[in-house]
Amino acid sequence: MPELPDVEGFREVLSSCGRGRRVTRVEVRDPGVLRGVTVRRLRTEVEGERFGEPRRHGKWLIAPTDDGPALVWHFGMTGALLCTPADEPLDRHDRVVLTLDDERQLRYRDQRKLQGVQLAGNEAAVGHILADLGPDALSVSREEFRELLHGRRGAVKNVLMDQSVVAGLGNLLTDEILWRAGVAPDSVAGELTEEETRSLYAAMRRVLASSVRVARVPPRRTWLTGRREDPDPRCPRCEGPLRSRRFSGRRTLWCPHCQSRSHRVERDIHPGKGG
DNA sequence: CGCCCGTCCTGTCCGC
DNA sequence: TGCGGACAGGACGGGC
């Protein structure tokens with residue numbers, strides 16, 4: 001589930017529910033989600049601490065405590081962060097439960113445990129965890145976006161999903177953005193025209209804005225995402241059949257009619273310098 | 001650099 | 001009813 005918009009929602013949950021509150025109890029119900037930290041250390045370092053203002057970078061959520069370390073969360077494919085009353089029955093997938101001083105709880109719920117939670121002792125440690133990430137997708141300017149794609153020989157689908165290029169875009173968002181922009185996923189990223197690049201950037205901004213508003217990629221029928229589960233998926237724009245293929249092992253859908261792939265490896269020399 | 005594969009996990013669905 | 005395999009909105013490391 002979690003791509004940038006979902007994690008932005010979790011940040012909001014953490015901010016409204018946890019910020020300014022003290023953690024009275026840390027309960028690790030499944031140590032399998034702890035990364036590089038023991039149950040004991042998590043408890044001793046976090047119990048008694050007060051949450052500061054959380055922030056997000058790509059699909060990562062950073063939860064600093066006032067005077068101590070920061071919790072650094074990643075939600076993998078199935079993770080979520082919930083704020084519940086302390087007496088609400090536990091879900092079988094509630095892996096870490098933080099009880100706050102107002103009788104509410106922050107719960108890290110995750111079925112598959114593909115990622116988890118780390119503990120960073122200070123800002124430098126947070127920086128180390130996030131070191132390989134590109135800029136957050138929401139913070140990228142049009143010009144910076146152009147530079148990120150510049151010179152890349154890979155398929156644009158793979159490049160956009162690469163967290164070290166730009167952080168936050170996952171499989172669904174990327175398909176949605178490419179479809180909106182009318183760009184085929186197997187286009188070579190560095191070979192896109194100026195117009196295609198602008199179109200891609202505009203689509204990214206719009207898709208992100210709409211998705212962040214509802215804290216998920218909305219499965220509307222007018223979006224490509226809303227057609228993914230159909231037995232015979234069709235383009236929301238032209239109703240033609242969608243094509244399906246794997247990129248980086250991920251199922252990718254696109255409309256061969258609405259999404260062009262005009263620019264590939266073999267191209268004529270184009271005049272002008274273009275930047 | 002860029003792509004492909006396996007691996008880490010759990011759960012569901014589909015076909016035999 | 002049982003079972004193997006594929007697949008699911010992610011990331012990482014190894015190999016080519």
Side-chain angles (χ1 to χ4, degrees), chain A residues 1-10 28-36 56-61 72-81 91-96 108-118 128-134 136-137 147-180 185-191 204 207-208 210-212 214-220 223-233 242 244-254 264-265:
Chain A
M1 174 210 294
E3 300 183 57
L4 187 154
D6 310 79
V7 181
E8 183 60 20
F10 304 149
V28 178
R29 309 192 71 251
D30 186 341
V33 298
L34 303 190
R35 304 289 150 125
R56 181 194 55 74
H57 188 103
K59 304 173 191 174
W60 293 82
L61 181 61
V72 182
W73 307 89
H74 195 292
F75 300 89
M77 300 252 270
T78 51
L81 190 67
D91 182 274
R92 64 193 297 213
H93 299 122
D94 286 337
R95 313 290 188 186
V96 177
Y108 178 65
R109 185 172 295 177
D110 187 22
Q111 176 196 118
R112 287 173 69 185
K113 302 187 285 185
L114 290 174
Q115 297 293 320
V117 58
Q118 304 185 48
H128 186 70
I129 293 170
L130 308 180
D132 290 337
L133 295 177
D136 183 78
E147 286 163 10
L148 289 173
L149 300 188
H150 183 76
R152 303 235 163 226
R153 307 295 310 150
V156 64
K157 162 84 180 186
N158 289 339
V159 171
L160 290 179
M161 288 237 299
D162 185 338
Q163 303 299 296
S164 70
V165 174
V166 54
L169 307 181
N171 197 33
L172 292 195
L173 275 174
T174 305
D175 278 7
E176 197 67 51
I177 290 164
L178 288 168
W179 176 72
R180 270 253 210 155
D186 56 348
S187 309
V188 175
E191 298 279 333
M204 180 178 80
V207 168
L208 280 176
S210 304
S211 301
V212 164
V214 294
R216 65 185 300 195
V217 187
R220 295 186 203 140
W223 286 42
L224 192 68
T225 303
R227 308 293 184 102
R228 288 187 81 87
E229 309 303 322
D230 294 3
D232 173 31
L242 294 176
S244 172
R245 205 203 104 182
R246 282 180 183 280
F247 282 81
S248 309
R250 319 300 300 281
R251 179 179 180 232
T252 297
L253 291 182
W254 77 100
R264 308 193 64 180
V265 192

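Naming: A, B, ... by sequence-line order, numbering from 1 per chain.
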Exercise. With both distances under 3.5 angstrom, what nucleotide forms a Watson-Crick or G-U wobble pair with C/dG2?
Worked result: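 Across any shown strand, C/dG2 pairs with B/dC16.
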For this session: Please determine, by modelled atom types, if A/S164 and A/D132 share a side-chain donor-acceptor pair under 3.5 angstrom.
Result: no
For this session: Determine the contact category for A/R35: base if any of its heavy atoms lies under 4.0 Å from a base atom, sugar-phosphate if only primed atoms, P, OP1 or OP2 are that close, otherwise nothing.
Result: nothing
Say we look at [N] and [M]: how far apart would their [atom1] atoms be, to the nearest angstrom?
{"N": "B/dG2", "M": "C/dG9", "atom1": "C1'", "answer": "23 Å"}
{"N": "C/dC3", "M": "B/dC8", "atom1": "P", "answer": "23 Å"}
{"N": "B/dC5", "M": "C/dA6", "atom1": "P", "answer": "13 Å"}

For this session: Nearest-nucleotide wise, let me know which of A/E229 and A/W60 is further upstream toward the 5' end of DNA chain C.
Result: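 It is A/E229, whose closest nucleotide lies nearer the 5' terminus.
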Ignoring the backbone of [X], work out which of [options] is nearest its side chain.
{"X": "A/K59", "options": "C/dC7, C/dG9, C/dA11", "value": "C/dA11"}
{"X": "A/R153", "options": "B/dG2, C/dG9, C/dA11", "value": "B/dG2"}
{"X": "A/K113", "options": "C/dA11, C/dG9, B/dC9", "value": "B/dC9"}
{"X": "A/A155", "options": "B/dC3, B/dC9, C/dG9", "value": "B/dC3"}

Can you tell me if [X] touches the phosphate of [N], counting only side-chain N or O atoms and a distance under 4.0 Å to OP1 or OP2?
{"X": "A/R112", "N": "B/dT12", "value": "no"}
{"X": "A/R251", "N": "C/dG9", "value": "no"}
{"X": "A/Q163", "N": "C/dA11", "value": "yes"}

For this session: Using the six-membered ring of A/W223, assess whether NZ or CZ of A/R180 lies under 6.0 Å from its centre and within 45 degrees of the ring axis.
Result: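 Satisfied, under 6.0 Å and within 45°.
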Problem set entry | Non-hydrogen side-chain atoms of A/F75 and A/L114 separated by less than 4.5 Å |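 Side-chain contact under 4.5 Å: no.
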Problem set entry | Side-chain ion pair, A/K157 and A/D175, N-O less than 4.0 Å | yes
For this session: Look at the side chain of A/N158 and the base of B/dG2, then say whether one donor and one acceptor between them are separated by less than 3.5 Å.
Result: no
